[in-house]
**Student:** 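I have a structure here, written as structure tokens, and I will follow up with some questions on it.
Residue numbers begin at 1 in each chain, while the letters A, B, ... track the order of the sequences.
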Number of protein chains: 4
Amino acid sequence: MITDHRASVREFVERPGFQQAIIAVIMLNAVTLGLETSQSMVAGIGGLLHVIDRTVVVIFVAELALRLYGYGWRFFRDPWNLFDFAIVGIALLPVTGEFAVLRALRILRALRLISVVPSMRRVVGGLLAAMPGMASIAALLSLILYVAAVIGTKLFWQIAPEHFGTLARTLFTLFQTMTGEGWPDVARAVMAEAPLAWIFFVVYILVSSFMVLNLFIAVVVSAMEGQVMAETRAEEAAHAAEEQVANRQILAEVQALRAELADLKARV
Amino acid sequence: MITDHRASVREFVERPGFQQAIIAVIMLNAVTLGLETSQSMVAGIGGLLHVIDRTVVVIFVAELALRLYGYGWRFFRDPWNLFDFAIVGIALLPVTGEFAVLRALRILRALRLISVVPSMRRVVGGLLAAMPGMASIAALLSLILYVAAVIGTKLFWQIAPEHFGTLARTLFTLFQTMTGEGWPDVARAVMAEAPLAWIFFVVYILVSSFMVLNLFIAVVVSAMEGQVMAETRAEEAAHAAEEQVANRQILAEVQALRAELADLKARV
Amino acid sequence: MITDHRASVREFVERPGFQQAIIAVIMLNAVTLGLETSQSMVAGIGGLLHVIDRTVVVIFVAELALRLYGYGWRFFRDPWNLFDFAIVGIALLPVTGEFAVLRALRILRALRLISVVPSMRRVVGGLLAAMPGMASIAALLSLILYVAAVIGTKLFWQIAPEHFGTLARTLFTLFQTMTGEGWPDVARAVMAEAPLAWIFFVVYILVSSFMVLNLFIAVVVSAMEGQVMAETRAEEAAHAAEEQVANRQILAEVQALRAELADLKARV
Amino acid sequence: MITDHRASVREFVERPGFQQAIIAVIMLNAVTLGLETSQSMVAGIGGLLHVIDRTVVVIFVAELALRLYGYGWRFFRDPWNLFDFAIVGIALLPVTGEFAVLRALRILRALRLISVVPSMRRVVGGLLAAMPGMASIAALLSLILYVAAVIGTKLFWQIAPEHFGTLARTLFTLFQTMTGEGWPDVARAVMAEAPLAWIFFVVYILVSSFMVLNLFIAVVVSAMEGQVMAETRAEEAAHAAEEQVANRQILAEVQALRAELADLKARV
């Protein structure tokens, strides 16, 4: 009986209508949370926005409960369900005191669109598939960032304390340099006292750009591999299969011929 | 009779000479509109520039009328014709009061070069063909921009109202950050009061760069697919076809042989 | 007799030793012209640098004269020779008064390294080969730059005359924006008076980035086409040729078989 | 006997346990060197950090000595061993007076992770493999940078001495321009006095971007060549081999048939 209930719950939550209703709720919530950023909106219709927000949370919790009941433990096997679970969970945490920042993170619920809309799910799936190929280069890049940060802090902490005063500050400065933003100002400030500091900046920029380039290439190659070459190979495999059929046909024909010849020979 | 008229009008507007005359008119208009940006030119030959501008509009309207007459309703099936229609339409709108900005948009007529010159038409056609492949990632990027903007406004609107004061302002700041321009100044201003704000900036930059990279890859893959691989596959398909012909020839030969052998067997 | 002379001159200028001597002279000149940028060097050994510079010009002229004599009119058929000719020609122009800037361009002689060193010649040849594929997109990008400049000047010349005052100034501002540099400062200055100006900037940045991206892709595709795919296709063509040989062999064998069978039939 | 000793030493240093211990030591040292950048840490546990640092150096020297003993001269044939040797060598140099900067370079020991962890070794190996393909374009880019620096210094040293005062300063300014950072400020400063200076900046930016793009393409093409196409070709080669087997089989069958027919003919 329970299994029947569960099956009918599953059938209900997988209906297109149900999915579309959830998408509508997510988008409504995204809009109300956007409106909440405006002071005049909060002063005017803040009560309404709050009611909608609470209602949406109730709907999300009810939806998750239905799916949990419907799928049982299997629910936790799909990583997208864990994603939904975590995002809805944030909404239920207390939002006072130190956790006030969580109020701002409520908008992360809008990311549930990704798990609900199949085409977005595919795109994100594709992006995540490129991750493993990037892992080694990302590790190398982190190592280089750390090494450069220790050197930079050691060398320049007295010259430019606002950029190189602590390891954390240097890491931020080097991340900024990696995005190619505002580094000449930093470099000139340091070079005013340590003229050879250009070596540090030029080497770091060349090495980190080369790493970022390779990170980038890893993604391009993985995308090429996945999309372009797959088609080419599929076509080629199809040609090869056709070819094989043709060859087998010829072979069978020739072998039949030989059998008949043997037969003829026996008669002669 | 009307059909004859129409056919001869079509034949007229498709003549290379007519097309070249239109190209010349477009370029002349582009130059006069450029000259109009100079105060001294307007003071000197403003009257002449105005006369040319009016004449060009008359020519464009006449050309469109001819093509409309020549092609009838079919005219509206070609999206490039709609493009021409819209651009010429702007020229006929009133340009006073609130619509004064439309005076500046008259130069959009120069874009008619794209619809008239076939090689440019092909390039733009190729660019538009890459669009559908970008749609899902662009939607995802917009979602992330919106989510980050709501979080940023909620967290920093009091700390840095000039960058995060309203949702619109934050969207502009985050677009600016995405182009990698001037973000460290913004980040340092915020971090002076909220030291952990670097998490927001670093996560946003990494995620949005990764998205832009993938948008970019979608275009590269689509171009590769379209240009490079198409040739490779065409060549391969040619080889496969040749191969098939050869195999059929062998098969036919072997089958003929078998028929003769059967014939021989019958005789023996 | 003259032909013999010419042939021996050609043989002389094509000797590796001669080429290496010219390379050495080019590099020496590059160094002396670099030293000339230092005031203290000019004060100390300015006379020597001047003597070397004059001597190098004499050597270049003599070398060109030899090659002109050796190859006759054919000399002008190789574009690299025209390049050498133009660069040496600059050295012979008067360098006083308005042409003083040409003194600075003498260092362009160092670019003769490209025409003399074969590996550099190949690289530049490869780069130039990618140009035609870029022409249409570059033209489109120029058109868009021009249209945006006219619109920008018309709309903002009063608000921000230092960036949008004249068409030339706006073109520079938009080129700067295209390189992604310092545009938020410009945009914020304009938006202070015209709040909707963000539309202009965002549309321009999106369109021009997309164009630059496609320019870039045109180069990548051309490089791929030239290098990677060429090898793959060559290999495939080799496989196809092998295959064809095998098929012909089988066909010949089968046909021979048929001939023998016909012979047998005739005997029976 | 010695050979036996050496073999057992080799066996010892190649044990996974030994390698993991070395990785742990490297990471411990990376952390302590990071902690040394903090003034409060040095004040608190500076003595401990120093002891760990000295101990780590002793361990590294001992490890190198073991490997040197184990492999003899062969040790120097692996470039990674030379890398380890150089990095440990830095640790043994005096760190007083002019060499104080070497104290900061001690963190380079953390890069030993690359030589010890096989996956990182492979990544760096792959990066280095792309280098030769970049050499010609990098040389060309350096040549262009030098030529532009000489021209820039000659033309602008009086106008903007802080950016173009000496050849070295101009090289730094042009490197900065190549990274697309802060060039409009430099350009506007120069253009205030030399209005045509925009030609220099625009030409330099276009040429250097095109070069950097091609440097980049060289790396992409090499990666494609290495990873994507290799698989495609391997698959194709496999198809071709299969095909060849099939063709040989058919040929053998047909030849056998012919032999039997000859036999039959002989009997008739």
**Student:** Counting a contact as any heavy-atom pair under 4.5 Å apart, which residues of residues 177-188 of chain B contact chain C?
**Tutor:** B:T179, B:E181

**Student:** Where on C:L206 is there a heavy atom nearer than 4.5 Å to chain B: the side chain, the backbone, both, or neither?
**Tutor:** side chain

**Student:** Given that the side chain runs from C-beta out, which part of C:T166 has a heavy atom under 4.5 Å from chain B: side chain, backbone, both or neither?
**Tutor:** neither

**Student:** Show, in sequence, the C-alpha distance, side-chain angles and deciding distance for B:F172 and C:F201, and conclude whether the ring pair (Phe, Tyr, Trp, His ring centres under 6.0 Å) test is met.
**Tutor:** CA-CA 10 Å; B:F172 186 79; C:F201 286 98; 7.9 Å; no

**Student:** Examine whether an atom of B:M134 lies under 4.5 Å from a heavy atom of chain C, and if so say whether it belongs to the side chain, the backbone or both; otherwise answer neither.
**Tutor:** side chain

**Student:** Let me see the working for B:R109 and B:D84 under salt bridge (Lys or Arg N to Asp or Glu O under 4.0 Å), right down to the final yes or no.
**Tutor:** CA-CA 8 Å; B:R109 287 178 214 156; B:D84 287 356; over 6 Å; no

**Student:** How are the rings of B:F83 and B:W80 set to each other: parallel, tilted or perpendicular (split at 30° and 60°)?
**Tutor:** perpendicular

**Student:** At a heavy-atom separation under 4.5 Å, does B:L215 approach chain C through its side chain, its backbone, both, or neither?
**Tutor:** neither

**Student:** Would you mind telling me which of C:I250, C:V202, C:I137 has the largest number of heavy-atom pairs within less than 4.5 Å of chain B?
**Tutor:** C:V202

**Student:** Residues in side-chain hydrogen bond (donor to acceptor under 3.5 Å, both in side chains) with B:R121, at least two apart?
**Tutor:** B:D78

**Student:** Check whether the side chains of B:Q249 and C:N247 place a donor and an acceptor atom closer than 3.5 Å, and report yes or no.
**Tutor:** no

**Student:** Look at C:I205, C:I144, C:L251, C:T153 and state which one has the largest set of heavy-atom pairs under 4.5 Å with chain B.
**Tutor:** C:L251

**Student:** Counting distance only, does the side-chain N/O of C:Y204 pair as donor-acceptor with the main-chain N or O of C:L174 below 3.5 Å?
**Tutor:** yes

**Student:** Do B:E162 and B:R169 sit within salt-bridge range, that is, some charged N less than 4.0 Å from a carboxylate O?
**Tutor:** no

**Student:** Non-hydrogen atoms of chain B under 4.5 Å away: do they reach the side chain of C:L143, the backbone, both or neither?
**Tutor:** side chain

**Student:** Verify ring pair (Phe, Tyr, Trp, His ring centres under 6.0 Å) between B:F216 and C:F210, making sure each step is shown before the conclusion.
**Tutor:** CA-CA 9 Å; B:F216 168 95; C:F210 189 59; over 10 Å; no

**Student:** Considering only heavy atoms, which portion of B:A30 lies under 4.5 Å from any heavy atom of chain C: side chain, backbone, both, or neither?
**Tutor:** both

**Student:** OG/C:S209 to CG/C:N214 distance, rounded to the nearest 0.5 angstrom?
**Tutor:** 11.0 Å

**Student:** Checking ring pair (Phe, Tyr, Trp, His ring centres under 6.0 Å) for the pair C:Y71/C:F76: CA distance, chi angles, key distance, verdict?
**Tutor:** CA-CA 9 Å; C:Y71 294 96; C:F76 292 104; over 10 Å; no

**Student:** Is it true that a side-chain atom of B:N29 and a backbone atom of B:V56 form a donor plus acceptor pair closer than 3.5 Å?
**Tutor:** no

**Student:** Heavy atoms only, distances under 4.5 angstrom: which of B:A240, B:G126, B:G34, B:S119 has the most pairs with chain C? Name it, please.
**Tutor:** B:G34

**Student:** Considering only heavy atoms, which portion of C:L213 lies under 4.5 Å from any heavy atom of chain B: side chain, backbone, both, or neither?
**Tutor:** side chain

**Student:** Would you mind checking which part of B:S38 comes under 4.5 Å of any heavy atom in chain C, side chain (CB onward), backbone (N, CA, C, O), both or neither?
**Tutor:** neither

**Student:** Given heavy-atom pairs under 4.5 angstrom as the criterion, report whether the side chain, backbone, both or neither of B:M131 touches chain C.
**Tutor:** side chain

**Student:** At a 4.5 Å cut-off on heavy atoms, which part of C:Q244 comes close to chain B: side chain, backbone, both, or neither?
**Tutor:** side chain

**Student:** Looking at every non-hydrogen atom in both residues, tell me the closest pair between B:A110 and C:V147 and how far apart they are.
**Tutor:** CB-CG2, 3.9 Å

